[in-house]
Structure formats: structure tokens, C-alpha cells
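Since we're looking at a predicted model, the values are computed, not measured.
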Amino acid sequence: MRQPTIYHNPRCSKSRATLELLVARGFSPRVIEYLSSPPSVAEVERLLAMLDIEPRELLRTDEDDYRDLGLADPRLRRDQLVAAIAANPRLMQRPIVVMGSKAAIGRPPEAVLAILPD
């Protein structure tokens, strides 16, 4: 059976709950602690494509970095937003679970069930 990958922040309760849900379902997910191993620009783009969302939908707007970097500016281009996420991974919604060619944000944790095999 293929195993999912989780972009995980161990300090986040939703991320911990999502990881627990995966393990309880019998998966041994590959865990990427994305704050210590940030995704590249290409990886952020790949996640956006799998999630079928735009960069602004992946941003955590309540983070200080969001405000400090001026990311609310509507004039910012897609590539600028993606670069900001890659350079400041704390800005990325979490957790993200990838299974094959699909991905889901675990908010709530049960949202990832839609991409897992039965």
C-alpha cells in the first residue's frame, strides 16, 4: 500500500491530530517537518497544483510574517507569493497530506480522509 506524506509541524495541534489519524488508519506516513526542511519554490507550486488552490489560499494570514512582509498587498504576483511561502514556511497552512497525485489540508484533520484509499 502506498503511504501518504504529511507536511507536519509537531507544535500544531491540528498537525498532531492529523498524523494520529493517519497512523490510526494503518498508515506509516512519511513525515516532513517543513519548518526545519522548508519546501522549495517548485515544491510549493506542486502542492498548490495538487490542492487546486492559489497561493493566497495557502497563506496563514494571522502570522506576524504575513503582516511584516506586506503579503496582503493585492499587487503581489503569484511568483512573489510562492517565493514568500518557500522562504517563510511558517506562512503555509498546515498540515498538508499528500497521497499520490492528491493533497489535502488537515483543517479539520478529517479533511484528509477524502484523498486516502478506503
Does one hydrophobic cluster hold both [X] and [Y], with members joined at side-chain heavy-atom distances below 4.5 Å?
X	Y	value
Val97	Leu58	no
Leu59	Leu69	yes
Ile85	Leu76	yes
Leu116	Ile32	no
Ile6	Leu91	no

**Message:** Taking side-chain hydrogen bond (donor to acceptor under 3.5 Å, both in side chains) as the definition, give me every residue that meets it alongside Arg75, ordered by chain and number, with sequence neighbours left out.
**Reply:**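 Listed in chain order: Asp73.
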**Set of side-chain hydrogen bond (donor to acceptor under 3.5 Å, both in side chains) partners for Arg56, sequence neighbours left out** = none
**Item:** side-chain contact (heavy atoms from CB on, under 4.5 Å) partners for Asp64, two or more places apart
**Value:**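 Testing Asp64 for side-chain contact (heavy atoms from CB on, under 4.5 Å), a comparison that skips the adjacent residues, returns Arg67, Asp68.
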**Request:** Keeping to residues at least two apart or across chains, list the side chain to side chain donor-acceptor pair (under 3.5 Å) pairs with something in residues 85-107.
**Result:** none
**Message:** Under a 3.5 Å distance rule, please check whether Glu57 uses its side chain to pair with a backbone N or O of Glu54 as donor and acceptor.
**Reply:**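 The answer is yes, because a donor-acceptor pair under 3.5 Å joins these two groups.
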Taking all heavy atoms of [X] and all of [Y], pick out the closest pair and write down the distance.
X	Y	result
Leu22	Pro4	CD2-CG, 4.2 Å
Arg60	Tyr66	O-CB, 3.7 Å
Ser15	His8	OG-ND1, 2.6 Å

**Item:** Test log, rule side-chain contact (heavy atoms from CB on, under 4.5 Å), inputs Arg78 and Leu48
**Value:** CA-CA 11 Å; Arg78 176 189 176 88; Leu48 289 168; 3.8 Å; yes
**Request:** For a side chain to side chain contact (heavy atoms under 4.5 Å, CB included) with Ile105, tell me which candidate from Val112, Ile96, Thr18 qualifies.
**Result:** Ile96
**Prompt:** Does any non-hydrogen side-chain atom of Val23 lie less than 4.5 Å from one of Pro29?
**Reply:**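 Side chain of Pro29 against side chain of Val23, heavy atoms only: contact under 4.5 Å found.
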For residues 35-43, tabulate all N or O donor-acceptor pairs below 3.5 Å that involve a side-chain atom, not counting sequence neighbours.
unit_1: Ser36; atom_1: OG; unit_2: Glu33; atom_2: O; d: 3.1
unit_1: Ser40; atom_1: OG; unit_2: Ala42; atom_2: N; d: 3.4
unit_1: Ser40; atom_1: OG; unit_2: Glu43; atom_2: N; d: 3.0
unit_1: Glu43; atom_1: OE1; unit_2: Arg46; atom_2: NE; d: 3.1
unit_1: Glu43; atom_1: OE2; unit_2: Tyr7; atom_2: OH; d: 2.1
unit_1: Glu43; atom_1: OE2; unit_2: Arg46; atom_2: NH2; d: 2.8

**Prompt:** Please walk me through it: do Val31 and Thr5 pass side-chain contact (heavy atoms from CB on, under 4.5 Å)?
**Reply:** CA-CA 6 Å; Val31 177; Thr5 297; over 6 Å; no
**Message:** Quick test of your reading: applying salt bridge (Lys or Arg N to Asp or Glu O under 4.0 Å), list the pairs with at least one residue in residues 4-23, sequence neighbours left out, ordered by first then second residue.
**Reply:** none
